[in-house]
Amino acid sequence: MTIDYARHDAIAAATDWNAQRSANGQKPVTNRQIDQIFGRDSFNQRVMRQRLPKDVYQRLMLTIEQGKELDDEIAGVVATAMKDWAVENGATHYTHWFQPLTGQTAEKHDSLIVPDGRGGIVFELSRNALVQGEPDASSFPSGGLRATFEARGYTAWDPTSPAFLMRSDNSVTLCIPTVFVSWTGEALDKKTPLLRSMDAISEQAMRILRIFGNDGGIDRINTTVGPEQEFFLVDRNLYYSRPDLVTCDRTLFGAKPPKGQQLDDHYFGSIPPRVLAFMTEVEQELYRIGVPLKTRHNEVAPGQYEIAPLFETSNVAVDHQMILMEALHRIAPRYGLHAILHEKPFSGVNGSGKHNNWSLSTNTGVNLLDPKDETYTNMQFLVFLCAVIRAVHLHGDLLRASIASAGNDHRLGANEAPPAIISIFLGDMLTDMVEEIERTMARKKIKKTTLDLGATTLPNIPRDSGDRNRTSPFAFTGNKFEFRAPGASATAAWPNTVINTIVAESLDFLATELEKAVGKKPTQSKLETSVQSLLKKVIAEHKRIIFNGDNYSDEWLEEAARRGLPNLKDSVEALPLLRSKKAINLFKRYEVLTKAELESRVNIFQEKYAIQLQIEAEQMVLIARQQILPACLEHQQRMADAVRSTETVGVDCTNLRVALEDYAAQLDKFSNTLEQLNGAADINDFTDPGKHAKYMRDKIVPLMNDLRELGDELETRTASDVWPLPTYRELLFIK
């Protein structure tokens, strides 16, 4: 379903493509050509239908569409068809493409070319090569699951995500999406738990549908995701002149420019020509792979942009999201740009997130979170809605932990991101409905209204049932929930794993209660009575998670505390909650993660947090010592020479001398703080990742903040021809 919609949007994009082609003196592209381009480099259902025997295709589709166990007998046939398709498109190598716990993707390329034994070659992809690979597991993070000397790991084919071709200037590689597990079978990647969580929520959601008698023709419930991607673009030459951007992907120093985002003139403004050309090529490459991009625009901060796809099944959406991020990095240099995906690369302007639009859909294409016109009488919708409300209330701490990182700690709670307190925004209509359910089962029906725009030449447009709340971390937006807290650089796999698991638990609870209440053959009246009674109880217990106001206000901090909602202000506070007995039992019960697998992830997340800050602190010391201090000493020397020469000729320069003394005092403070940071950063012999993370937060981060404040003040008082780093004015506004 999604792919068909995406093809139509790809056709609609022909106008944009043709504008670029005309500028390059190329012929325009027709709708038919666009249709042929979309998904050309993807071994998708259309290609499989053409190349696989009918029975093999049908058996494979049972796995892809209904979640049935993969029929092992068909793997050899699929491998041959995939190899033929790839070779015809220029491929010489293949790789098992996976997502280890680094948070990035990984690949090891193997040749499709093998000797034929007669002095020639043949192209070959065997059944075993498709289904299983054996990369070195010792060099990837395992969080204690594997010792360094225990190297064996396996990649295993994920048939539900289409293989694709990765093109470079002189090669084509067949990429086969896979999971990554250890020799013991424990998950060493981000994708295996995601697939397990999708199975868990599908099983529990199907129970709800059966209670309502709506399971006819429905074999599986899919979670769908549309992750919006925000990012910055900077001129590549300026990027390489900033060691902090090269090493840390964020600026460790940088004074606020006179003009930032105060005028709100960048948001949705005209896309700069160089940026538009870059975005167009990104779209072209991603359309070829079958990534259904929908939106592109300027974001709030100068130099910031966004690309958003259509909804897809969660694991495919996560794969495509990783491909999108790689494409941004790979294509930007062709236009003299560098793409920055860090959550807060520039202080004082908005950072970048990855708004995660999450919903539930049947394999027949019905969105279970779409209230349509029957919101007040659609009991099935109300059950799914209340399941999410209950899940977020009970496990808001796990949601907060799912997006914890050193980069995201800079962003959460700022103007562009939700605070660390997890709450749900429902909007006026759904909040009114929930309150009415608590009193008595809702009966009334909200009619659609329109907005009269006051001019006869303008159309009356339909009014949505509720406003939007961009300050809410978990907001209902019409037919989905938007989890706004994930960071721009992170994979969407982990937060979606957590969302799926906590909602599966709530659906399990509701299904169990309803099954006991209605019996095996429920009447309509008994079903309505049972649903009403259960939902009233759920809402009464969990409505405190609902908040439609300003999540940034001080009043909300106080109100949230009264409601007993956790305020986990940073990653050091949030991550240990993944070790709680509640979390361990939850992930174990739904077979998403074992206790050991969950523990390993906490260790990895804490270790990454500490190491990332360690790298930033060391890079900050180097920049301060090697660039800022020498530049400031030169400027100080200039000032001293000016004072000396002025006073030598008998001219009073009291103000200049005061300025010199003040500058020297500022520089002395900078130097002292620099040495404090250097000494503190040298203490890194921690064996416990949690203690290391806490030390970095409590000792290193405050010193880094102090050093930055002093350095940024020096920037504003130092001659521009002496200052060694490109300024924010250059980084943000040279487009």
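Keep in mind it's a predicted model, so treat the numbers as computed, not measured.
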Asker: For residues Ile421 and Pro473, report the shortest heavy-atom separation together with the two atoms involved.
Answerer: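 Between these two residues, the closest heavy atoms are O-CG, 3.5 Å.
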
Asker: Got a donor-acceptor contact below 3.5 angstrom from the Arg697 side chain to the Ser571 backbone?
Answerer: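 Not at all, since once roles are kept as given, no pair shorter than 3.5 Å links the two residues.
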
Asker: Under 6.0 Å between the ring centres of Phe232 and Tyr305?
Answerer: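 So the answer is no for these two rings.
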
Asker: Should Ile208 and Phe384 count as side-chain neighbours, where that means a heavy-atom distance under 4.5 Å?
Answerer: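 The answer is yes; the side chains approach within 4.5 Å.
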
Asker: Just checking, any donor-acceptor pair under 3.5 angstrom between side chains of Glu69 and Thr63?
Answerer: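 On atom types as modelled, these side chains do not qualify, holding no pair under 3.5 Å.
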
Asker: Verify the distance criterion only: is there a donor paired with an acceptor across the side chains of Asn500 and Ser314 at less than 3.5 Å?
Answerer: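 On atom types as modelled, these side chains do not qualify, holding no pair under 3.5 Å.
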
Asker: Looking at NZ of Lys190 and CZ of Arg601, how far apart are the two atoms once the value is rounded to the nearest 0.5 Å?
Answerer: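 Lys190 NZ to Arg601 CZ: 8.5 Å, rounded to 0.5 Å.
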
Asker: Sub-3.5 Å donor-acceptor pair from the side chain of Glu597 to the main-chain atoms of Ala187, do we have one?
Answerer: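 Flag set: sc Glu597 to bb Ala187 pair under 3.5 Å.
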
Asker: Using modelled atom types and a 3.5 Å cut-off, is there a donor and acceptor pairing between side-chain atoms of Ser402 and backbone atoms of Leu399?
Answerer: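 Yes, the answer is positive, given that a donor and an acceptor are paired below the 3.5 Å cut-off.
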
Asker: Okay, side chain of Asn496, backbone of Ala492: is any donor-acceptor separation there less than 3.5 Å?
Answerer: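 Yes.
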
Asker: Please test Thr105 against Ile323 for side-chain contact (heavy atoms from CB on, under 4.5 Å), starting from the C-alpha separation and ending with a verdict.
Answerer: CA-CA 9 Å; Thr105 60; Ile323 295 170; over 6 Å; no

Asker: Got more than 12 heavy atoms from elsewhere within 6.0 Å of NZ, Lys588?
Answerer: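 Open: at most 12 neighbouring heavy atoms sit under 6.0 Å from NZ of Lys588.
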
Asker: Mind telling me whether Phe474 and Phe483 have parallel, tilted or perpendicular rings, with 30° and 60° as the class edges?
Answerer: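 The arrangement is tilted - the two ring planes meet at 30° to 60°.
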
Asker: Taking C-beta and beyond as the side chain, do Pro576 and Gln606 meet within less than 4.5 Å on heavy atoms?
Answerer: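 Result yes, sub-4.5 Å side-chain heavy-atom pair found.
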
Asker: Just how far is it from atom CD1 of Ile403 to atom CZ of Arg484, taken to the nearest 0.5 Å?
Answerer: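 Result: 13.0 Å between the selected atoms.
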
Asker: When you check the gap from the basic side-chain N to the acidic O, do Asp508 and Arg589 get nearer than 4.0 Å?
Answerer: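 Yes, this pair counts.
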
Asker: Does the side chain to side chain donor-acceptor pair (under 3.5 Å) test come out yes or no for Thr295 and Glu306, once each step is laid out?
Answerer: CA-CA 8 Å; Thr295 302; Glu306 179 179 302; over 6 Å; no

Asker: With a 4.5 Å cut-off on side-chain heavy atoms, are Phe605 and Trp494 touching?
Answerer: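 They are in side-chain contact.
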
Asker: Please tabulate, one pair per line, all N/O donor-acceptor pairs under 3.5 Å involving side-chain atoms of residues 97-104, not counting sequence neighbours.
Answerer:
{"from": "Gln99", "atom 1": "NE2", "to": "Asp319", "atom 2": "OD1", "distance (Å)": "2.7"}
{"from": "Thr102", "atom 1": "OG1", "to": "Gln104", "atom 2": "N", "distance (Å)": "3.2"}

Asker: Side chains of Gln284 and Met279: closer than 4.5 Å at any heavy-atom pair?
Answerer: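 Not in contact.
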
Asker: Identify the two heavy atoms, one from Gly487 and one from Asn408, that lie closest to each other, and give their separation to 0.1 Å.
Answerer: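 Smallest interatomic distance, heavy atoms only, reads N-ND2, 3.6 Å.
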
Asker: If we only count heavy atoms from C-beta on, is the Phe381 to Leu368 side-chain gap below 4.5 Å?
Answerer: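 Counting from C-beta outward, Phe381 and Leu368 never come under 4.5 Å.
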
Asker: So Phe180 and Phe140, would you call those rings parallel, tilted or perpendicular, with 30° and 60° as cut-offs?
Answerer: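 The arrangement is perpendicular - the two ring planes meet at more than 60°.
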
Asker: Taking Ser202 for the side chain and Met198 for the main chain, is one N or O donor matched with an acceptor at less than 3.5 Å?
Answerer: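 Checked: no pair found.
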
Asker: How about Thr173 and Leu165: do any of their side-chain heavy atoms sit closer than 4.5 Å?
Answerer: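 The answer is no, as the side chains (C-beta and beyond) never meet within the 4.5 Å cut-off.
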
Asker: Can a salt bridge be assigned to the pair Asp219 and Lys68 using a cut-off of 4.0 Å between side-chain N and carboxylate O?
Answerer: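 No, this pair does not count.
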
Asker: If you measure only the distance, is there a donor-acceptor pair under 3.5 Å linking the side chains of Gln261 and Asn350?
Answerer: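 Yes, Asn350 and Gln261 have a side-chain donor paired with an acceptor closer than 3.5 Å.
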
Asker: Which heavy-atom pair separates Ile584 from Leu578 by the least distance, and what is that distance?
Answerer: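 Taking every non-hydrogen atom into account, CG1-O, 4.5 Å.
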
Asker: Taking Ser197 for its side chain and Leu194 for its backbone only, find out whether a donor-acceptor pair lies under 3.5 Å.
Answerer: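 Such a contact is found between Ser197 side chain and Leu194 backbone.
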
Asker: Is the backbone of Gly185 close enough, under 3.5 Å, to the side chain of Tyr154 for a donor and an acceptor to pair up by distance?
Answerer: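 No; judged by distance alone, with no hydrogens or angles, the pair does not exist.
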
Asker: Do Asp158 and Ser161 touch side chain to side chain, with heavy atoms closer than 4.5 Å?
Answerer: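 Yes. Closest side-chain heavy atoms under 4.5 Å.
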
Asker: Specify the closest pair of heavy atoms between Tyr267 and Asn298, including all atoms of both residues, with the distance to one decimal.
Answerer: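 Closest approach of Tyr267 to Asn298: CD1-O, 3.6 Å.
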
Asker: If every non-hydrogen atom of Ser600 is compared with every non-hydrogen atom of Ser142, which pair is closest and at what distance?
Answerer: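 Looks like CB-O, 3.1 Å.
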
Asker: Does any N or O in the side chain of Ser506 come within less than 3.5 Å of the main-chain N or O of Val503, such that one atom is a donor and the other an acceptor?
Answerer: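 Absent.
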
Asker: Short question: side chain of Lys344, backbone of Leu412 - any donor-acceptor pair under 3.5 Å?
Answerer: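 Here the side-chain-to-backbone pair does not exist.
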
Asker: Does any donor atom in the side chain of Thr155 or His96 lie under 3.5 Å from an acceptor atom in the other side chain?
Answerer: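 Yes, His96 and Thr155 have a side-chain donor paired with an acceptor closer than 3.5 Å.
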
Asker: Please determine whether a side-chain nitrogen of the Lys or Arg among Glu573 and Arg400 lies less than 4.0 Å from a carboxylate oxygen of the Asp or Glu.
Answerer: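 No.
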
Asker: Find the distance between CG (Asn315) and OG1 (Thr497) and round it off to the nearest 0.5 Å.
Answerer: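 Going from the CG atom of Asn315 to the OG1 atom of Thr497 covers 10.5 Å.
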
Asker: For ring-ring contact (aromatic ring centres under 6.0 Å, His included), just list the numbers for Phe425 and Phe547, CA-CA rounded to whole Å, side-chain angles, deciding distance to a tenth of an Å, and then say yes or no.
Answerer: CA-CA 5 Å; Phe425 167 81; Phe547 180 67; 9.4 Å; no

Asker: Under a 3.5 Å cutoff, is there a donor and acceptor pairing between the side chains of Asn357 and Glu228?
Answerer: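 Result is yes, a qualifying pair exists.
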
Asker: Is the positively charged end of Arg196 above the ring of Tyr590, judged by distance under 6.0 angstrom from the centroid and angle within 45° of the axis?
Answerer: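 Because its charged atom misses either the 6.0 Å distance or the 45° angle limit, Arg196 does not stack over Tyr590.
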
Asker: Looking only at the side chains, is there a donor atom on one of Ser359 and Asn367 sitting less than 3.5 Å from an acceptor on the other?
Answerer: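 Per modelled atom types, Ser359 and Asn367 side chains form a pair under 3.5 Å.
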
Asker: In this structure, are over 12 heavy atoms from other groups packed under 6.0 Å from Gln132 atom CD?
Answerer: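 Check passes, neighbour count above 12.
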
Asker: Check the side chains of Gln321 and Gln229 for a donor-acceptor pair under 3.5 angstrom, ignoring hydrogens and angles.
Answerer: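 Yes - a donor-acceptor pair under 3.5 Å links their side chains.
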
Asker: Should the pair Arg334-Glu285 be classified as a salt bridge under the 4.0 Å nitrogen-to-oxygen rule?
Answerer: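 A salt bridge links Arg334 with Glu285.
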
Asker: Is it true that Glu283 and Arg296 have a side-chain N and a carboxylate O under 4.0 angstrom from each other?
Answerer: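 The answer is yes: the pair qualifies as a salt bridge.
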
Asker: With no hydrogens and no angle check, do the side chains of Thr224 and Asn222 hold a donor and an acceptor under 3.5 Å apart?
Answerer: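 No, because no side-chain N or O of Thr224 sits under 3.5 Å from a partner of the opposite role on Asn222.
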
Asker: Between the side chains of Lys569 and Asp409, is the shortest nitrogen-to-carboxylate-oxygen separation below 4.0 Å, so that they form an ion pair?
Answerer: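 No, Asp409 and Lys569 are not salt-bridged.
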
Asker: How long is the gap from CD on Glu505 to CZ on Phe587, to the nearest 0.5 Å?
Answerer: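 Going from the CD atom of Glu505 to the CZ atom of Phe587 covers 11.5 Å.
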
Asker: Could you give the distance from OG1 (Thr247) to CD1 (Ile615), rounded to the nearest 0.5 Å?
Answerer: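 CD1 of Ile615 is found 8.5 Å from OG1 of Thr247.
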
Asker: If I compare all heavy atoms of Pro162 with all of Phe43, which pair ends up nearest, and what's the gap?
Answerer: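 The pair with the smallest heavy-atom distance is CB-O, 3.8 Å.
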
Asker: Do the non-hydrogen side-chain atoms of Val318 and Val225 ever get within less than 4.5 Å of each other?
Answerer: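 The answer is no; the side chains never approach within 4.5 Å.
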
Asker: Among side-chain atoms of Glu312 and His320, is any donor-acceptor pair under 3.5 angstrom?
Answerer: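 Distance-only check passes for Glu312 and His320.
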
Asker: Between Glu599 and Arg579, does at least one N-O distance fall below 4.0 Å, as a salt bridge requires?
Answerer: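 Yes, charged N to carboxylate O under 4.0 Å.
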
Asker: Out of curiosity, Leu507 CG to Met206 CE, how far, rounded to the nearest 0.5 Å?
Answerer: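 Between Leu507 CG and Met206 CE, I get 12.5 Å after rounding to 0.5 Å.
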
Asker: Taking Ser489 as the fixed residue, which of Arg250, His342, Glu343 is the one that meets the side chain to side chain donor-acceptor pair (under 3.5 Å) rule?
Answerer: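 Of the listed options, the one satisfying the test is Glu343.
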
Asker: Quick one, His109 with Met166, criterion side-chain contact (heavy atoms from CB on, under 4.5 Å). Give me CA distance, side-chain angles, the key distance, then yes/no.
Answerer: CA-CA 11 Å; His109 296 196; Met166 179 171 59; 3.9 Å; yes

Asker: Without swapping roles, check the side chain of Thr313 against the backbone of Val316 for a donor-acceptor pair under 3.5 Å.
Answerer: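 Pair absent, no side-chain N/O of Thr313 close to backbone of Val316.
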
